[in-house]
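Shown next, in structure tokens, is the structure this report addresses.
These figures come from a predicted structure and were not determined experimentally. We use all heavy atoms of the structure for the numbers below, so side chains are in, but hydrogens, waters and symmetry mates are not. By convention in this document, chain letters (A, B, ...) are assigned in the order of the sequence lines, proteins followed by strands, and residues within each chain are numbered from 1.
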Amino acid sequence: MIDLKQLTTRKDEIQQNITNRFMHVDLETVLDLQEKRSLLIQEVDALRKSRNENAKKMKGKMSPEERQILIAEGKDLKVKIAQQEEILKEVEVQYLSEAKRIPNYAHPDAPIGKEDKDNLQISTWGTIPQFDFETKDHVQIGQDLDLIDFDTAARVSGAKFYYLKNQAVLLELALERYALDILRKHGFTLTITPDIAKEEVLEGIGFNPRGEESNIYSLEDTGTCLVGTAEITLGGYHAGEIIAKERLPIKLAGLSHCFRKEAGAAGQYSKGLYRVHQFSKVEMFIYALPEESDAIHQELLAIEEEIFQGLDLPYRIVDTCTGDLGAPAYRKFDMEAWMPGRGENGEWGEVTSTSNCTDYQARRLQTRYKDEDGKVQYLHLLNGTAIAISRAIVAILEINQQADGTVSIPTALQPYMGMDHISKENR
RNA sequence: GGAGAGGUGUCCGAGUGGUCGAAGGAGGCGGUCUUGAAAACCGUUGAGCCGAGAGGCUCCGGGGGUUCGAAUCCCCCCUUCUCCGCCA
């Protein structure tokens with residue numbers, strides 16, 4: 001949520017931002033509700049004041065007649081207050097549900113555009129490999145080497161689930177350990193987070209746990225959901241706290257499973273492991289001082305690059321355009337790895353994403369710090385993918401496939417894997 | 001899952017239905033003293049909302065209720081601890 005006090009002072013800017021993001025929020029409605037709410041609060045507060053004064057008068061001794069008069073007055077006020085409070089509550093609910101839909105401000109350098117093809121490529125690393133043999137996509141490789149079983153998973157769990165098998169299991173664990181070791185080196189506190197979180201935490205982070213378009217699995221009658229990312233559990237970690245300035249920045253790394261409904265997602269660009277209902281991911285999450293968040297965002301991007309460079313996977317970085325930013329994000333960088341099996345002759349596929357959400361999530365989560373003047377301020381929250389296992393596996397299998405059908409293992413992973421290639425023979 | 005005891009400010013901890021946003025300590029900050037520090041002493045120290053301001057309102061795990069008035073009484077939920085059961 002943005003600072004609603006700025007609704008009037010930065011109105012044009014907010015409106016322009018909504019337009020740039022191709023979102024639909026009626027600012028006038030929000031402003032109307034804000035005005036209504038303010039008046040109602042003033043009314044209710046005045047009534048409460050009368051009630052408090054009335055109650056205070058009754059503390060001392062007095063004649064039964066006098067007391068009866070005051071009690072009658074108090075009863076009258078009580079009814080009025082209850083009525084007005086009811087109205088206020090309704091307005092408040094409407095106001096917040098509208099206001100929550102207003103997206104975060106966007107970084108002035110974020111490219112303006114509607115969808116992912118408007119994202120701005122800002123760098124590339126590595127070279128796109130040329131193969132002198134007929135290449136396969138990861139689904140085929142996974143099947144030929146008995147690494148991934150979609151068919152059985154479809155029977156047991158449903159479409160878009162999978163079993164990892166044999167060396168793919170070792171590959172997943174190796175990637176997790178590889179990424180965690182790098183994060184540890186960078187001063188992150190390592191965690192394995194719960195895979196379930198309360199709806200209020202999801203909402204604080206900016207996810208919508210309900211509704212048609214929700215990507216979230218909710219657990220019936222519990223008020224909880226399966227997390228779509230450890231961003232939720234890591235962001236909830238310090239919710240409601242006022243954190244001492246000396247402790248900042250707080251750098252958390254979290255390994256979790258991620259669950260996504262992905263309703264309607266199908267076709268060529270979602271095939272295989274690329275878009276699935278469950279995967280594992282190591283996530284980075286930072287609680288930062290506002291003045292440091294831009295620099296830390298760059299650091300997160302640098303760590304993502306370090307991880308992929310270590311794996312020898314060619315990639316490019318894009319600066320995400322306004323229309324493709326999530327509502328909480330102020331700026332977002334995506335890393336796209338080259339996937340030879342994607343599209344006709346290979347294409348870039350998103351493998352990581354890092355966002356600076358400034359104070360947008362912190363305001364809902366009430367995650368704050370005290371500045372040098374002792375004033376309480378909202379922190380800036382940032383997140384970034386260290387490694388999303390399923391997509392990393394897509395890139396690794398497709399990039400490292402050999403003419404003989406085997407797959408070589410990136411040097412950095414070999415110690416974790418205990419092998420330098422995957423073949424049917426060494427499983 | 002069953003039984004019992006708790007959940008109060010940064011932390012520990014007291015709290016009779018009205019004088020409680022809340023005693024007392026610790027910690028933090030400022031000061032006196034000191035060459036400096038410690039100790040001692042004095043002062044100060046929660047957050048949010050509405051309002052141009054004056055000021056007012058709300059918050060004692062969360063939500064309901066009783067009452068003219070609730071941190072205090074009642075109900076539900078969450079959570080922590082102890083014991084029992086079950087269990088990887």
With a cut-off of under 6.0 Å to the ring centre and 45° to the axis, is A:Arg391 in cation-pi contact with A:Tyr274? yes
When the [atom1] atoms of [M] and [N] are compared, how many Å lie between them, rounded to an integer?
N	M	atom1	result
B:A71	B:G62	C1'	15 Å
B:A88	B:C76	C1'	33 Å
B:U10	B:U79	P	23 Å
B:A37	B:G31	P	11 Å
B:C87	B:G4	C1'	23 Å
B:C74	B:G17	P	11 Å
B:G7	B:G15	P	10 Å
B:U72	B:G21	P	13 Å

Pairs counted as Watson-Crick or G-U wobble with both distances under 3.5 Å: what dot-bracket string results for RNA chain B, using | for bases tied to another strand? ((((((((.[[[..)..(.....]]]((((((.......))))))(((((....))))).[[[[[..)....]]]]])))))))....
Nucleotide [N], atom [atom2] - distance to [atom1] of [X] in whole Å:
X	N	atom1	atom2	answer
A:Lys57	B:C68	NZ	C1'	12 Å
A:Leu39	B:C50	CG	P	12 Å
A:Ile81	B:G56	CD1	C1'	13 Å
A:Glu35	B:C49	CD	C1'	16 Å
A:Gln34	B:C49	CD	P	12 Å
A:Lys5	B:A52	NZ	C1'	14 Å
A:Ile242	B:G48	CD1	C1'	10 Å
A:Lys80	B:C68	NZ	P	16 Å

Test item: [X] side-chain N/O and [Y] main-chain N/O as donor-acceptor pair under 3.5 Å:
X	Y	answer
A:Thr191	A:Ala253	yes
A:Asn383	A:Phe285	no
A:Asp324	A:Cys321	no
A:Thr233	A:Thr193	no

Ring geometry between A:Phe161 and A:His277 (parallel below 30°, tilted from 30 to 60°, perpendicular above 60°):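 Ring orientation of A:His277 relative to A:Phe161: tilted.
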Taking any heavy-atom pair under 4.0 Å as a contact, classify [X]: base, sugar-phosphate, or nothing.
X	answer
A:Lys75	sugar-phosphate
A:Ile41	sugar-phosphate
A:Lys89	sugar-phosphate

B:C50 phosphate, OP1 or OP2, under 4.0 Å from A:Arg37 side-chain N/O: yes
Give me, pair by pair, the N or O atoms of the protein and of nucleotides 26-28 of chain B that are less than 3.5 Å apart, along with how far apart they are.
none

Give every residue pair that meets the side chain to side chain donor-acceptor pair (under 3.5 Å) criterion with at least one member in residues 282-291 of chain A, sequence neighbours excluded.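 Found A:Lys281-A:Glu283.
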Closest to the A:Lys78 side chain, choosing from B:C68, B:C50, B:G64: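 Ranking B:C68, B:C50, B:G64 by closest atom to the A:Lys78 side chain puts B:C68 first.
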From C-beta outward on A:Ile71, which listed nucleotide comes closest to its side chain: B:C68, B:G48, B:C78? B:C68
Residues touching RNA chain B, which here means a heavy atom under 4.0 Å, drawn from residues 42-54 of chain A: A:Gln42, A:Asp45, A:Arg48, A:Lys49, A:Arg51, A:Asn52, A:Asn54
Apply ring-ring contact (aromatic ring centres under 6.0 Å, His included) to A:Tyr360 and list each qualifying residue two or more places apart in sequence or on a separate chain. none
Counterpart residues, ring-ring contact (aromatic ring centres under 6.0 Å, His included), relative to A:His297 (two or more places apart):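 With neighbours one apart ignored, the set is A:Phe333.
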5' priority, RNA chain B, between A:Gly74 and A:Lys198 [closest heavy atom]: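 Taking each residue's closest nucleotide, the earlier one in sequence belongs to A:Gly74.
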Residues, nucleotides or ligands: over 12 heavy atoms within 6.0 Å of A:Arg48 CZ: yes
Which residue, A:His138, A:Arg342, A:Gln140, forms the side chain to side chain donor-acceptor pair (under 3.5 Å) with A:Glu398? A:His138
Would A:Leu47 and A:Leu77 satisfy side chain to side chain contact (heavy atoms under 4.5 Å, CB included), going step by step from the backbone distance to the final call? CA-CA 7 Å; A:Leu47 285 169; A:Leu77 282 167; 4.1 Å; yes
Do A:Arg21 and A:Asn17 have a side chain donor and acceptor closer than 3.5 Å? yes
